[in-house]
Amino acid sequence: TEPDPPQRNGSPRAQLHGEFTAAAAGKQVRYAVSLTDRELAVQKITSAPAGRNKVLLNLKDCIGCRAFKGADSAEAGAYLSVVFYPFKKKWMGAGLARHRVEYCFEVALSQDARTNRDEAERWASAIRESCVRLWPQGQGVLGFSVPRPSRILVLLNPHSGKGQALSLFTSHIQGMLTEAGIAHQLVITERQNHARELVREADLSQWDALVIMSGDGLLFEVVNGLMERGDWEAAIRTPLGILPGGSGNALAASINHYCGFPPAMGEELVVSCGFQLCRGLVSRLDLAAVHLGSGQRLFSFLSLAWGFVADVDIESEKYRRVGAARFTLGTLVRLACPPDPLLVPLAQPVPGCWTAVPEEDFVLLLAMYQSHLAEDLLAAPADGLLHLFYVRAGVSRAALLRLFLAMERGAHLAAGCPQLVHVRARAFRLEPLSPKGMITVDGEAVEYGPVQVQVHSGLGRLVTG
């Protein structure tokens, strides 16, 4: 096989071109294969008109490519396997979803096994290099990826969501990791804070990434375990991968959204996040420091909720007014102040440059630093800031329901709810005045009382594909 000369009609220039054999429907079929800087073109060699049997595979959809020797040691031919996950129409319903496509070609240019193996390796290297050149570059993308070959630690909560995380991993993710050349060790968590304790003490040099297959709660444990280490500054830069195995899966849905992929839920979101993990591109992850009244400091990657949203997370989907509160905001004006520290002790007044919201009754407060609150709830843009949403008392049940339904489309700010207020900030303080209530951080209940939060833009690292 030889590189083709540049084409004059504007079509992509082929880097490599060759003819190989592959099994199709139980028969050995001959294919003409061309590699351009963006596509792998596979053309079945038949008497049909040119182009009718041609398949164009976008290299952006490729997760793995390898050259290998056949199982028969006496066989001279080598093999080239390429695996893609392109978008196709769903088998049921409208829209697009990723589906697996694999081609395994026999490379048999000569009777010399080494020559055939070298040719298969040449194709595999060229395909991998072309894939790397297509990696996105932009805001938040760090320009490096989880290395290949790589080794990752997978932490899985078997009880999250509907209890299907392990079966989803074995049926969808395990094979994808193998195809992508990613070795993994699977640890099934046995109790609450098991993952937190493990990453706090682990030798992180063994792993190129930590991957969580669960809901958002297990990632909360991992983030805080890393931040409790003596070497937290290096530890928190360990790339974190998320595979949806819980009920909320907000960060997984956020990553899917950031990549510009169609909305996905259930197993489709699992496959999409598996694809992104196998691609291995690393971006920055915003984290927020959460200070509680007891002096405890937590780190959050998703949200803080008080009132109705927290009740839905922890108790039941009930509507109630949570009472009076005062809270203050470190608004965008605060960007001109020194970046650290933004917070003073909870017992002290906030700095004078903060904005105080008048004391009144509220239904809910939600602080977001990712785009999604759940798989189907698009709440805010992700721009390194806190997005505060609060709803004043007086909103009807019907208006609140319409607000949450609009949030599925990201249209809640245009829903015409006069009680809804949206503010962007770098920090805020909440001081509930009602004696009882519920506050959650990343969906986990924390102590009820005064709380203040500061966002740290880009503190962590996240595998986003």
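Just so it is clear, the values below take in all heavy atoms, side chains as well, and ignore hydrogens, waters and symmetry mates.
- Checking side-chain atoms of Ser254 against main-chain N and O of Ala250 turns up a donor-acceptor pair under 3.5 Å.
- Closest approach of Val451 and Ile439 over heavy atoms only: CG1-CD1, 4.3 Å.
- Contact detail for Leu156 and Ala165: the closest heavy-atom pair is CD1-O, 3.7 Å.
- The backbone N or O of Arg38 sits less than 3.5 Å from a side-chain atom of Thr36, completing a donor-acceptor pair.
- Listed here is the closest heavy atom pair of Pro244 and Leu168: O-CD1, 4.3 Å.
- Using a 4.0 Å cut-off between charged nitrogen and carboxylate oxygen, Glu197 and Arg200 do not count as a salt-bridge pair.
- The heavy-atom pair separating Leu16 from Ala126 by the smallest distance is CD1-CB, 3.7 Å.
- Although no hydrogens or angles enter the test, the distance criterion places a donor-acceptor pair under 3.5 Å between the side chain of Asp442 and the main chain of Ser303.
- Side-chain N or O atoms of Gln452 include one that pairs as donor or acceptor with a backbone N or O of Val344 at under 3.5 Å.
- One distance of note links NZ of Lys89 with CG of Leu96; it measures 8.5 Å at 0.5 Å rounding.
- Using modelled atom types, one side-chain atom of Asn249 and one backbone atom of Gly246 make a donor-acceptor pair closer than 3.5 Å.
- Heavy atoms of other residues, nucleotides or ligands lying less than 6.0 angstrom from NZ of Lys60 number 12 at most.
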Can you check ring pair (Phe, Tyr, Trp, His ring centres under 6.0 Å) on His412 and Phe389, steps first, answer last? CA-CA 10 Å; His412 44 294; Phe389 302 91; 5.3 Å; yes
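- Between Trp207 and Gln185 the shortest side-chain heavy-atom distance falls below 4.5 Å.
- Atom-to-atom distance recorded for Leu226:CG and Leu287:CG is 9.5 Å, nearest 0.5 angstrom.
- Scanning all heavy atoms of the two residues, the minimum distance from Glu444 to Gly217 falls at OE2-CA, 3.4 Å.
- Distance alone, capped at 3.5 Å, places no donor-acceptor pair between the Asp286 side chain and the Val455 backbone.
- The backbone N or O of Leu218 sits nowhere less than 3.5 Å from a side-chain atom of Arg196 that would complete a donor-acceptor pair.
- Nearest heavy atoms, Ser294 versus Glu447: OG-OE1, 2.5 Å.
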Take Gln174 and His184, measure what side chain to side chain contact (heavy atoms under 4.5 Å, CB included) needs, and give me the verdict at the end. CA-CA 9 Å; Gln174 194 165 353; His184 70 278; 3.9 Å; yes
Go through Leu240 and Leu219 one step at a time and tell me if the side chain to side chain contact (heavy atoms under 4.5 Å, CB included) criterion holds. CA-CA 9 Å; Leu240 302 176; Leu219 181 58; 4.0 Å; yes
Candidate pair Phe299 and Phe220, rule ring pair (Phe, Tyr, Trp, His ring centres under 6.0 Å), full reasoning: CA-CA 8 Å; Phe299 284 86; Phe220 176 78; 10.0 Å; no
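- The number of heavy atoms from other shown groups lying within 6.0 Å of NZ (Lys90) is above 12.
- Contact annotation: the side chain of Val187 approaches that of Leu153 to within less than 4.5 Å [non-hydrogen atoms, C-beta and beyond].
- The structure places SG of Cys62 at 9.5 Å from CZ of Arg128, a figure rounded to the nearest 0.5 Å.
- A cation-pi arrangement, defined by a distance under 6.0 Å to the six-membered ring centre and an angle within 45 degrees of its axis, is present between Arg98 and Phe261.
- Under a 3.5 Å cut-off, the side chain of Thr238 and the backbone N or O of Ala235 do form a donor-acceptor pair.
- A donor-acceptor pair shorter than 3.5 Å cannot be found between the side chains of His257 and His372.
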Under the salt bridge (charged side-chain N to carboxylate O under 4.0 Å, His left out) rule, what do Glu179 and Arg100 come out as? Steps first, then yes or no, please. CA-CA 11 Å; Glu179 292 165 346; Arg100 182 179 181 276; 2.6 Å; yes
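- Tested against Tyr85 for a side-chain contact (heavy atoms from CB on, under 4.5 Å), the candidates Met176, Glu102, Gln276 yield a single pass: Met176.
- Side-chain contact between Val290 and Leu292 is present, with at least one heavy-atom pair separated by less than 4.5 Å.
- When side chains are defined from C-beta on, Val82 does not count as touching Trp123, because their heavy atoms never get closer than 4.5 Å.
- Between the side chains of Ser130 and Asp37, no donor-acceptor pair of N or O atoms lies under 3.5 Å.
- To the nearest 0.5 Å, atom NE2 of residue His172 and atom SG of residue Cys273 are 12.5 Å apart.
- The six-membered or imidazole ring of His456 lies away from that of Tyr369, with a centre-to-centre distance of 6.0 Å or more.
- Between Phe301 and Asp216, some side-chain heavy-atom pair lies under the 4.5 Å cut-off.
- The side-chain heavy atoms of Leu459 and Leu285, taken from C-beta on, include no pair separated by under 4.5 Å.
- Under 3.5 Å, the side chains of Gln370 and Tyr258 contain a donor-acceptor pair of N or O atoms.
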Check against side chain to side chain contact (heavy atoms under 4.5 Å, CB included), Leu420 and Leu403: CA-CA 9 Å; Leu420 172 65; Leu403 190 63; 3.6 Å; yes
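- Without hydrogens or angle criteria, Glu39 side chain to Leu59 main chain gives no donor-acceptor distance under 3.5 Å.
- A donor-acceptor pair under 3.5 Å is absent between the side-chain atoms of Asp208 and the main chain of Ile152, judged by distance alone.
- With contacts defined as side-chain heavy-atom distances shorter than 4.5 Å, the pair Tyr390/Arg392 qualifies.
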From CA spacing to verdict: side chain to side chain contact (heavy atoms under 4.5 Å, CB included), Ser214, Leu155: CA-CA 8 Å; Ser214 179; Leu155 300 166; over 6 Å; no
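- Counting heavy atoms from C-beta outward, Ser434 and Tyr448 have side chains that approach closer than 4.5 Å.
- Expressed to the nearest 0.5 Å, how far CG of Asp231 lies from CZ of Arg237 amounts to 11.5 Å.
- Rounded to the nearest 0.5 angstrom, Glu228 CD and Leu298 CG are separated by 8.5 Å.
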